[in-house]
Amino acid sequence: MMLIAAGSLYAQKYNVVFRYTGNGADSVVYRIPAIATLNDGRLLAIADYRHCGSDIGYGRIDLHQSISADGGKTWSQPAPLTDISGMPVSQGTGKGTTESSMLHPDCGYGDAAIAADRDSERVILLAVCGRTPFFRAHRNNPNQIARWRSNDGGRTWTGRDTITSEIYGLFDGRCGDSLKAPGGCVDALFFGSGRIMQSRHVKTEGTYRIYAALSGRHIAHESDTDSIGTYIANWVLYSDDFGEKWHVLGRTDIPPVAIGGDEPKVEELPDGSVLLSARSSNSYGRRFNIFRYSNAAKAEGEWIGLPVMCDFGGINPNPCNGEILILPVIDNHDPGNTDAWIALQSITLSNKRENVGIKWKPLLCHSDYADAKAMAQNWGEIQSQTLKITTKPSAYSTMAQTSDGHIAFLFEESTYGKDYSIVFKDLTLEEITGGRFSAR
């Protein structure tokens with residue numbers, strides 16, 4: 001077993017999947033990584049290809065994909081998603097203006113969130129789309145939501161479906177409706193990029209339940225401005241038919257993060273409860289909350305308390321997005337503990353956008369994740385339970401477990417002194433935890 005000191009920098013040759021050098025053909029910036037392990041073991045990576053150089057709402061953005069059939073050693077040439085005839089289905093047009101966004105959902109696509117079904121070759125991809133920036137959108141001219149599906153492991157895709165009305169309609173308040181969203185509606189929303197989580201526990205209608213977390217901006221009072229992050233809430237949606245129809249987990253009027261939310265991720269705890277890990281819009285760190293089922297098959301239960309801020313042992317990471325991943329493990333200090341799990345959270349190991357790495361926390365018994373407060377504790381001090389991936393400027397990150405138990409880690413880095421290229425690293429749990437844990 002290879003032992004690596006906790007907090008050390010994992011030395012691996014850079015494997016750039018989406019390259020931005022600022023020169024020639026590589027002059028369009030890449031951002032916002034997403035990765036999934038396909039049913040046959042291949043890896044699928046997605047990223048924004050930002051012709052406009054900025055977020056959704058400012059012009060043309062394409063979604064590019066790249067696939068690896070050898071565990072991330074080599075990758076296909078990045079290219080738009082294509083349909084069965086070979087035509088691209090994820091290229092933006094750059095058309096429209098902010099106020100005509102509803103007419104131009106194809107202006108740009110970004111912030112991809114993906115899930116690959118463990119029992120089939122189905123893949124679902126959600127993205128925000130259109131010509132309206134998040135902080136200028138309103139219910140009559142919102143950020144739009146796009147969906148693509150693949151039935152052959154990402155080789156070909158359907159055309160874009162726009163499911164804007166379906167998703168916003170979940171939050172539209174009505175007179176006398178006690179389950180309306182704060183302020184009566186959500187004025188702007190998008191799904192957190194990266195991994196759409198598929199349950200290990202809940203299977204209905206022939207497929208395992210999937211979960212996606214979103215950020216929604218609402219105006220609580222007429223006097224409020226729309227530029228204050230205070231009014232960004234987070235919800236978790238679930239689907240029992242692999243993304244055809246979506247439902248709110250819990251009550252729309254009691255979001256798991258009601259104020260100060262931002263880009264969220266969602267994961268499943270060992271007992272089947274649902275964990276939300278949300279970037280904070282008005283402070284460093286991430287906010288945790290937990291949904292506990294009373295009847296999982298019917299999605300009945302509740303968020304068990306207020307969200308709790310986690311600073312990951314005093315790091316107070318920069319407020320950019322990272323992934324939460326919870327896995328069963330072998331505890332090499334106590335191999336007889338068959339209930340051992342681990343939580344991995346990718347963050348910047350700094351209050352700046354630099355030093356992307358992974359913090360980890362053992363989940364050895366139920367008390368380690370009994371509620372949000374317990375989940376926010378015991379992530380180790382700054383230099384412990386930590387793996388620094390890079391010392392360069394770096395930001396968003398995501399990860400997924402591979403078919404051989406490794407961690408496929410994808411992140412933004414200024415590899416060539418430019419912001420950003422999207423870099424892949426293949427990690428083992430031994431490397432992440434200094435030999436403490438192995439894959440189970």
Side-chain angles (χ1 to χ4, degrees), residues 31-34 48 54-57 109-114 126-130 132-139 141-147 163-164 166-172 181-183 185-197 211-220 224-238 246-267 274-289 291 303 307 309 317-324 347 395-398:
R31 285 219 60 196
I32 321 296
D48 290 12
S54 190
D55 294 334
I56 283 290
Y109 308 108
D111 287 58
I114 54 176
L126 302 176
V128 63
C129 65
T132 306
F134 181 69
F135 284 102
R136 295 183 64 182
H138 51 83
R139 182 62 187 89
N141 190 38
N143 306 116
Q144 297 203 59
I145 305 298
R147 176 179 61 194
I163 58 172
T164 307
E166 174 191 338
I167 301 302
Y168 280 84
L170 296 172
F171 302 98
D172 288 342
C185 69
V186 172
D187 291 285
L189 65 79
F190 63 96
F191 286 94
S193 63
R195 193 171 60 96
I196 296 173
M197 184 268 287
Y211 301 85
L214 60 81
S215 286
R217 182 177 59 80
H218 61 91
I219 305 301
D224 294 334
T225 69
D226 65 357
S227 61
I228 301 175
T230 299
Y231 301 108
I232 299 176
N234 296 124
W235 287 267
V236 173
L237 304 189
Y238 72 93
W246 291 91
H247 315 275
V248 177
L249 187 67
R251 294 171 51 146
T252 57
D253 63 335
I254 308 178
V257 175
I259 59 172
D262 208 321
E263 293 160 313
K265 299 294 181 88
V266 60
E267 180 56 299
V274 177
L275 171 68
L276 177 72
S277 171
R279 167 185 171 181
S280 173
S281 63
N282 53 18
S283 62
Y284 294 106
R286 296 187 73 84
R287 300 176 191 268
F288 289 157
N289 207 343
F291 185 90
W303 295 96
M309 183 67 74
N318 179 272
C320 67
N321 212 4
E323 193 67 71
I324 182 78
I347 54 175
Y396 286 37
S397 56
T398 186

Hey, what do you get for OH (Y238) to CZ (F291), rounding to the nearest 0.5 Å? 8.5 Å
Under a 3.5 Å cutoff, is there a donor and acceptor pairing between the side chains of N321 and R286? yes
Just so I know, are the side chains of V248 and L237 near enough to count as touching, which here means a heavy-atom distance under 4.5 Å? yes
Where do F135 and I232 land on the side-chain contact (heavy atoms from CB on, under 4.5 Å) test, with the steps shown first? CA-CA 10 Å; F135 284 102; I232 299 176; 3.9 Å; yes
Note, S281 side chain near P319 side chain (heavy atom, < 4.5 Å): no
Considering all heavy atoms of both residues, which atom of R287 and which atom of P307 are nearest to each other, and what is their separation? CB-CB, 4.3 Å
Return the NZ to CD1 distance between K265 and I196, rounded to the nearest 0.5 Å. 11.0 Å
Write down the atom of C129, the atom of Y109, and the distance for their closest heavy-atom approach. CB-CD2, 3.5 Å
Check A278 against V257 and note the closest heavy-atom contact, atom names and distance. CB-CG2, 4.3 Å
For F190 and E263: C-alpha separation, side-chain torsions, deciding distance, then whether side-chain contact (heavy atoms from CB on, under 4.5 Å) applies. CA-CA 9 Å; F190 63 96; E263 293 160 313; 3.7 Å; yes
Measure the spacing between CZ of R217 and CZ of R136 and express it to the nearest 0.5 Å. 11.0 Å
Is there a side-chain contact between C185 and D172 in this structure, where contact means two heavy atoms from C-beta onward sitting under 4.5 Å apart? yes
Quick check for you: to the nearest 0.5 Å, what is the distance between D262 atom CG and F134 atom CZ? 7.5 Å
Taking the six-membered ring for Trp, are F191 and W246 parallel (under 30°), tilted (30 to 60°) or perpendicular (over 60°)? tilted
Mind checking the NE2-CG spacing from H218 to D187? Nearest 0.5 Å is all I need. 9.0 Å
Would you say W235's side chain and G250's backbone share a donor-acceptor pair under 3.5 angstrom? no
So do the side chains of L189 and Y168 get within less than 4.5 Å of each other, counting heavy atoms only? yes
May I ask you to test the F171-R139 pair for a side-chain heavy-atom distance under 4.5 Å? no
Minimum heavy-atom distance between D48 and A112, given as atom pair plus value: OD1-N, 4.4 Å
Nearest heavy-atom pair of G285 and M309: which atoms, and what distance? C-SD, 3.7 Å
For the residue pair P264 and L276, what are the closest heavy atoms and their distance? CB-CD1, 3.8 Å
Measure the CD-CD distance between E323 and E267 for me, rounded to the nearest 0.5 Å. 8.0 Å
